[in-house]
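Have a look at the structure below, then the notes.
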Amino acid sequence: MEVRTRFAPSPTGFMHLGGVRTALYNYLYAKKNHGKFILRIEDTDQERYVEGATDVIYDTLRACGMEWDEGPDKGGDYGPYVQSERKPLYLPYAKQLIEKGAAYYCFCTKEELDERRAAAEARGEVFKYDKHCLNLSKEEVQAKLEAGTPYVIRMNCPTTGESTYDDEVFGHLTFPNDTLDDMVLIKTDGMPTYNFANVIDDHLMGITHVMRGMEYLSSTPKYNMLYNAFGWEIPQYVHLTTVMRDAHHKLSKRDGDAYYSDFIDKGYLKEALINYLALVGWNPGDDREFFTMDELIEAFDIKRLNNAPGIFDTDKLTWFNAEYIRKLPFDEYLKMVTPWFDKALAGKQFDYKRLAELMQSRTEVFNRVPDMVRFLVEMPEYDLDLYNNKKMKTNPDVAKESLTLVKPVLEGIEDWSEANIHDTVMAAIAESGKKNGAVLWPLRIAISGLASTPGGAFEIAYLLGKEETLRRLNSSMEKLSKDA
RNA sequence: GGCCCCGUGGUCAAGAGGCCUAAGACAUCGCCCUUUCACGGCGGUAACUCGGGUUCGAAUCCCGACGGGGUCACCA
């Protein structure tokens, strides 16, 4: 039988990383088995409708390389793929259930239920719908319906015994039936609830493997009752663990670190994000860590899905990102880093190509770039203490001598190329008998004002240009004789 | 609180009774390379939640405790 998986997000306007991972596993499993990956939009909550939200879903999935085989914008043999467009479909199924005695009309209002729920909570009890409306006679129900009384349709759950099912990740699961609540299938507005639509659609769309977050673990017995009531085959369940921010919280929008776009905006590469995400809760069984999408497809195996929640480690993601950035073809890196250079260096002319060469191995996340290059346009205030470096055998006094030595040398350089600056200054140092570090360290400090910079004294002098280099050198020498 | 799930270093994890004196990666620390930093190379610190069983033998199986998470909506 052909494998058919689905990703069924509700359009909230953002793609949660946990959702991206769920989509990814669904995609990988389908592709691995030469099956179909279906995209279905679950928008049965009309109050939560967000303009443009489906585009966010499309764009994210496509950007990551998870092209779906069937979906709202693509069609397919099982459409429509947007639940709100499927609305007329659901009621007849609910009515079938009523005829079978597996569901019933309920006329209790939301307000009444809220009151009863509050009362139950006040008594320290768990609220469970008491099947009040199940006891209504056929005539009473008929009368209320004819009178146009608003209603919902509830599922009639057993209150005794237990339910079991098998999950590919969690194994054999057992739940006592007395904790099952008669969930609403059809809402007052005629829309199905997720709980209902999900079952109907998964069946109608021929979904063979349901991979979703483990928050559905305990409501799955109810879904199974629905499948059974209809006489439908129950799909394979693959419940995925939660992606956590730390041991106590899942990734949430409040941290500003939960959405795909948060990370892309910060300058994380989607390839790095996908690669890392795949590894939170899954592993290939060997020591491989780097995967292209095709390699993930090849390596993916449900059996290697973990059943303990995983913490999303930004440090590791950042490492992945830095690795991916280093592997970028230079031209691509240059293109990507340019806007980040612009952020700090706006207006001034620098040799971006050379700067990029120096920066590529030092870039972990693009949003850290501006702070790393800003010193080129604005000489930082710095402390004379920076001239103290034991290993370089330098201190403010040594620095003063070194800078005095190097200044006329720099002034005399006509061809301000990096190579020429290097050769000329190195020759002068050799002639003076000084140690390289004793000259080069102070020089770099004098023209950068920073303890660490992307590149050494020559690279920075070159980037700055002769005029600015000498200007900084002079001002640093002044500072040195004034304060030292 | 009821029910359910989970429990190997700070993090991701390998491990499916002897191969474990517990792999690998990130982070961290140290050394080397080097005109700084980064890259790269080498090395170190660091874990089976606890308590009972079962067994000749347990990180692996069972029970309990503890800890964490999930779920109890006309949200998905």
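Reminder, nothing fancy here: chain letters follow the sequence lines and each chain counts from 1. Quick caveat, the model's predicted, so the values are computed rather than measured.
- Searching all strands for a Watson-Crick or G-U wobble partner of rU11(B) with both distances below 3.5 Å returns rA25(B).
- Residues from residues 114-123 of chain A lying near RNA chain B, meaning a heavy-atom separation below 4.0 Å, are Arg117(A) in numerical order.
- If you take atom P in rU71(B) and the same atom in rU49(B), they sit 25 Å apart, rounded to whole Å.
- Counting non-hydrogen atoms under 4.0 angstrom, Asn195(A) reaches a base of the nucleic acid.
- Residue contacts for Val126(A): at a heavy-atom cut-off of 4.0 Å it reaches a base atom on one of the strands shown.
- Contact annotation for Lys303(A): no contact, since no heavy-atom pair falls under 4.0 Å across all strands.
- Remark: aromatic rings of Tyr216(A) and Tyr194(A) are close, center separation under 6.0 Å.
- Only the P atoms considered, rC74(B) is 48 Å distant from rU28(B), to the nearest whole Å.
- Here Asp202(A) pairs with Arg40(A) in a salt bridge; the nearest charged N to carboxylate O distance falls below 4.0 Å.
- Applying the side-chain hydrogen bond (donor to acceptor under 3.5 Å, both in side chains) test to residues at least two apart or on different chains, the pairs with a partner in residues 444-463 of chain A are Asp351(A)-Tyr462(A), Arg444(A)-Thr453(A).
- Of all nucleotides present, none satisfies the Watson-Crick or G-U wobble test against rA76(B) with each distance under 3.5 Å.
- Atom name C1', nucleotides rA47(B) and rG10(B): the rounded distance is 11 Å, in whole Å.
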message = Evaluate Thr394(A) against Asn389(A) for side chain to side chain donor-acceptor pair (under 3.5 Å), listing each step before the verdict.
response = CA-CA 5 Å; Thr394(A) 159; Asn389(A) 187 303; over 6 Å; no
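- Applying the Watson-Crick and G-U wobble criteria (two distances, each under 3.5 Å), rC33(B) pairs with nothing in any strand.
- Counting only heavy atoms from C-beta outward, the side chains of Met379(A) and Ser476(A) approach each other to under 4.5 Å.
- Contacts between residues 441-456 of chain A and RNA chain B, defined by a heavy-atom separation under 4.0 Å, are made by Trp441(A), Arg444(A), Ala451(A), Ser452(A), Thr453(A), Gly455(A), Gly456(A).
- Here the separation of rC3(B) from rG52(B), taken at their C1' atoms, is 26 Å to the nearest Å.
- rG64(B) and rU45(B): their C1' atoms are spaced 35 Å apart (whole Å).
- In this structure, Gln83(A) and Ile200(A) have side chains that are not in contact, with every pair of non-hydrogen atoms separated by 4.5 Å or more.
- Salt bridge Glu121(A)/Arg117(A): absent, no basic N to carboxylate O contact under 4.0 Å.
- With salt bridges taken as basic N to acidic carboxylate O contacts below 4.0 Å, none links Glu295(A) and Arg288(A).
- Scanning residues 361-372 of chain A for heavy-atom distances under 4.0 Å to RNA chain B yields Ser361(A), Arg362(A).
- Taking atom P in both rC26(B) and rA13(B), one finds a spacing of 16 Å when rounded to whole Å.
- Ionic pairing of Asp130(A) and Arg116(A) is present here: one or more N-O contacts between side-chain nitrogen and carboxylate oxygen are shorter than 4.0 angstrom.
- Chain A approaches RNA chain B within less than 4.0 angstrom (heavy atoms of the protein), and the contacting nucleotides run 5' to 3' from rG1(B) to rA76(B).
- For rG64(B), the paired nucleotide is rC50(B), the pair qualifying as Watson-Crick or G-U wobble because both relevant distances are below 3.5 Å.
- As judged by a 4.0 angstrom heavy-atom cut-off over every strand, Phe458(A) is placed among the base-contacting residues.
- Aromatic pair Tyr276(A)/Trp319(A): centroids not less than 6.0 angstrom apart.
- Nucleic acid contact class of Leu173(A) (heavy atoms, under 4.0 Å, all strands): sugar-phosphate only.
- Among the protein residues, Ser163(A) comes within range of no part of the nucleic acid, since none of its heavy atoms lies under 4.0 Å from any strand.
- Across the C1' atoms, rG9(B) and rA14(B) are found 13 Å apart, a figure rounded to whole Å.
- Lys327(A) has no carboxylate O lying under 4.0 Å from a charged side-chain N of Glu271(A), or vice versa, which leaves the two without a salt bridge.
- A donor-acceptor pair under 3.5 Å is absent between the side-chain atoms of Lys131(A) and the main chain of Asp182(A), judged by distance alone.
- Remark: rU71(B) base-pairs with rG2(B); criterion is Watson-Crick or G-U wobble with both hydrogen-bond distances under 3.5 Å.
- Both Leu440(A) and Leu279(A) lie near RNA chain B, and the one whose nearest nucleotide falls closer to the 5' end is Leu279(A).
- Under 3.5 Å, the side chains of Tyr223(A) and Asn195(A) contain a donor-acceptor pair of N or O atoms.
- Applying the ring-ring contact (aromatic ring centres under 6.0 Å, His included) test to every pair with at least one member in residues 372-402 of chain A, sequence neighbours left out, gives these pairs: Tyr382(A)-Tyr387(A).
- Rounded to whole Å, the separation between the C1' atoms of rC72(B) and rU55(B) comes to 42 Å.
- Base pairing of rG18(B): its partner is rC56(B), meeting the Watson-Crick or G-U wobble criterion (both donor-acceptor distances under 3.5 Å).
- Both Lys128(A) and Tyr276(A) sit near RNA chain B, but only Tyr276(A) has its closest nucleotide nearer the 5' end.
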task = Take Lys250(A) and Glu215(A) through the test salt bridge (Lys or Arg N to Asp or Glu O under 4.0 Å) and record every step on the way to the result.
result = CA-CA 12 Å; Lys250(A) 39 182 169 178; Glu215(A) 61 266 29; 5.7 Å; no
